[in-house]
Amino acid sequence: SSDLDALEEALDGFDGLLKVQLAGPWTLAATLEQSRSLNPALADPGLVADLAASLAEGIAAHAAEVAKRLPRATLVVQLDEPALPAVITGAVPTASGLGRVRAPEEEFLRARLAQVISATQNYTVVHCCGHDVPFGIIMGAGAAGVSFDMSQLRIADLDKLAETAEAGAGLLAGVPFDLAERSPLTPDAYARSIAELWRKLTLPAGRCPEQVVVTPACGLAGASPARARAVLGACRDAGRILADMMGELWVRWRRPGASTRSSARS
C-alpha cells in the first residue's frame, strides 16, 4: 500500500505506458515449497491449480488498484517466468535433489498460464530469460508479447521467434549489459544486434520498430540508481537508432525489384 502511495505521488498525471511486474504461475510453482514434504508446489497438480487461481485473483486486484490510482496511464503487466523451460522439460529438482518433478502436460501448462494472463485484462507480456524460450506455449496462452534475452537465443529458436513476430506480438529484446559502473554502454551495437536478428527472421524491416522494444536482458536489481538510469538511457538511444536503421532498410527494400524478405533464415 505504501509503495502504491509513493507511485501515485511520483506519477501523478502520467499518461504513458506503465509496466507492473510479478512472478508468473509456473515460476511460483517451481520455487514455492509445500509445507509438509518441502517439495516444490509443482509436484502437486491440485496445488498448482489453486496457486494459479489465487495468483490470477491477486494480479487482477493489483492491476485494478494501480489503474485506479493512475487512470491516465496505459498498464502493461509483465509475468516473469524464468523457470518455465525447466518446468516444461521436467528439470525442476525435488526437495532431496535426487529426483526431478515430472513435467506437466502441455495443455495444463498453457491453461494455467492463460488463466493468469486473462485475469489482468491488460496488455500482458511474459518474460523468460533463459535458453529454450517456449514461444508457442506463451503465445498460445494469450500473451500479447514476449520478453527474452537475445544472448540466450539459439538457431533452433529462430523459427518460433519468427512465428511469434509474424503473429504481431510485441517483442522485448533483452540486450546484455554489464552492471559495472565503468563498463561502456554501446547503443549502436545493441541496435545493430537486433537489426541482425530481424534480418535472420526474414521479416519486413518496417515492422521491426513497431514491434520491438530494447530492454535490459534480466532487469537492473543489482545496479546502482546511477547505473540503472544510464542503462535505461542506452536502451532508449538504441531504440531510436534501431528505428532509423530499419527505416532506411525499409525504404531500400521497397525500391522496384527489391524483395522485402531475404532468401532464407540463417
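By convention here, the first residue in the shown sequence is residue 1.
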Where do V146 and V126 land on the side chain to side chain contact (heavy atoms under 4.5 Å, CB included) test, with the steps shown first?
-> CA-CA 5 Å; V146 184; V126 174; 5.6 Å; no
Please find the pair of heavy atoms, one from [X] and one from [Y], that lie closest to each other, and give the distance.
X: A103; Y: V87; result: CB-O, 3.5 Å
X: D178; Y: S183; result: OD2-OG, 3.1 Å
X: M139; Y: A169; result: CE-CB, 3.4 Å
X: L203; Y: A165; result: CD1-CB, 3.4 Å
X: I194; Y: A173; result: CD1-CB, 4.0 Å
X: P187; Y: A238; result: O-CB, 3.6 Å

Side chain to side chain, [X] and [Y], heavy atoms closer than 4.5 Å:
X: V76; Y: N122; result: no
X: L75; Y: L18; result: yes
X: P45; Y: P104; result: no
X: F108; Y: V48; result: yes
X: V212; Y: M246; result: no
X: L161; Y: L171; result: yes
X: V175; Y: S193; result: yes

Scan for ring pair (Phe, Tyr, Trp, His ring centres under 6.0 Å) pairs involving residues 122-147, sequence neighbours excluded, and state none if there are none.
-> F135-F148
Under the ring pair (Phe, Tyr, Trp, His ring centres under 6.0 Å) rule, what pairs show up with a residue in residues 165-187, not counting sequence neighbours?
->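 Matches after skipping sequence neighbours: F177-Y190.
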About how many Å separate [atom2] of [Y] and [atom1] of [X], when rounded to the nearest 0.5 Å?
X: K160; Y: I137; atom1: NZ; atom2: CD1; value: 9.5 Å
X: Q211; Y: E166; atom1: CD; atom2: CD; value: 9.5 Å
X: D132; Y: T89; atom1: CG; atom2: OG1; value: 7.5 Å
X: L55; Y: I59; atom1: CG; atom2: CD1; value: 4.0 Å
X: D159; Y: T202; atom1: CG; atom2: OG1; value: 8.5 Å
X: L7; Y: D12; atom1: CG; atom2: CG; value: 10.5 Å

Are the side chain of D157 and the backbone N or O of R154 linked by a donor-acceptor pair below 3.5 Å?
-> yes
hydrophobic_cluster_shared for [Y] and [X], side chain cutoff 4.5 Å:
X: I88; Y: L51; value: yes
X: V66; Y: L11; value: yes
X: V77; Y: I117; value: yes
X: V213; Y: I138; value: no
X: L201; Y: L153; value: yes

Summary of side chain to side chain donor-acceptor pair (under 3.5 Å) pairs that have at least one residue in residues 101-121, sequence neighbours excluded =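 Output for this query lists E106-R110, R112-Q115, T120-T124.
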Is the closest basic N to carboxylate O distance between E196 and R192 below 4.0 Å?
-> no
Considering only distance and modelled atom types, tabulate donor-acceptor pairs under 3.5 Å from the side chains of residues 21-36, sequence neighbours left out.
from, atom 1, to, atom 2, distance (Å)
Q21, OE1, K19, NZ, 3.2
Q21, NE2, D80, OD1, 3.4
Q21, NE2, D80, OD2, 2.9
W26, NE1, L109, O, 3.0
T27, OG1, E81, OE1, 2.7
T27, OG1, A83, N, 3.2
T31, OG1, T27, O, 2.6
T31, OG1, L28, O, 3.4
Q34, NE2, P40, O, 3.1

Quick one: do L84 and V133 satisfy side chain to side chain contact (heavy atoms under 4.5 Å, CB included)? Show the steps, please.
-> CA-CA 8 Å; L84 186 55; V133 177; over 6 Å; no
What do the steps show when you test E210 against R207 for salt bridge (charged side-chain N to carboxylate O under 4.0 Å, His left out), and what is the final call?
-> CA-CA 5 Å; E210 298 175 359; R207 290 177 54 178; over 6 Å; no
Members sharing L47's hydrophobic cluster (side chains within less than 4.5 Å) =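 The other cluster members (ILVMFWY side chains, heavy atoms under 4.5 Å, direct or chained): none.
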Take L4 and E65, measure what side chain to side chain contact (heavy atoms under 4.5 Å, CB included) needs, and give me the verdict at the end.
-> CA-CA 8 Å; L4 289 174; E65 180 64 21; 3.5 Å; yes
Only pairs under 3.5 Å count here: list side-chain donor-acceptor contacts from residues 214-221, not counting sequence neighbours, and write none if there are none.
none

Please step through side chain to side chain contact (heavy atoms under 4.5 Å, CB included) for the pair R227 and V231, ending with a clear verdict.
-> CA-CA 6 Å; R227 186 60 171 181; V231 168; 4.2 Å; yes
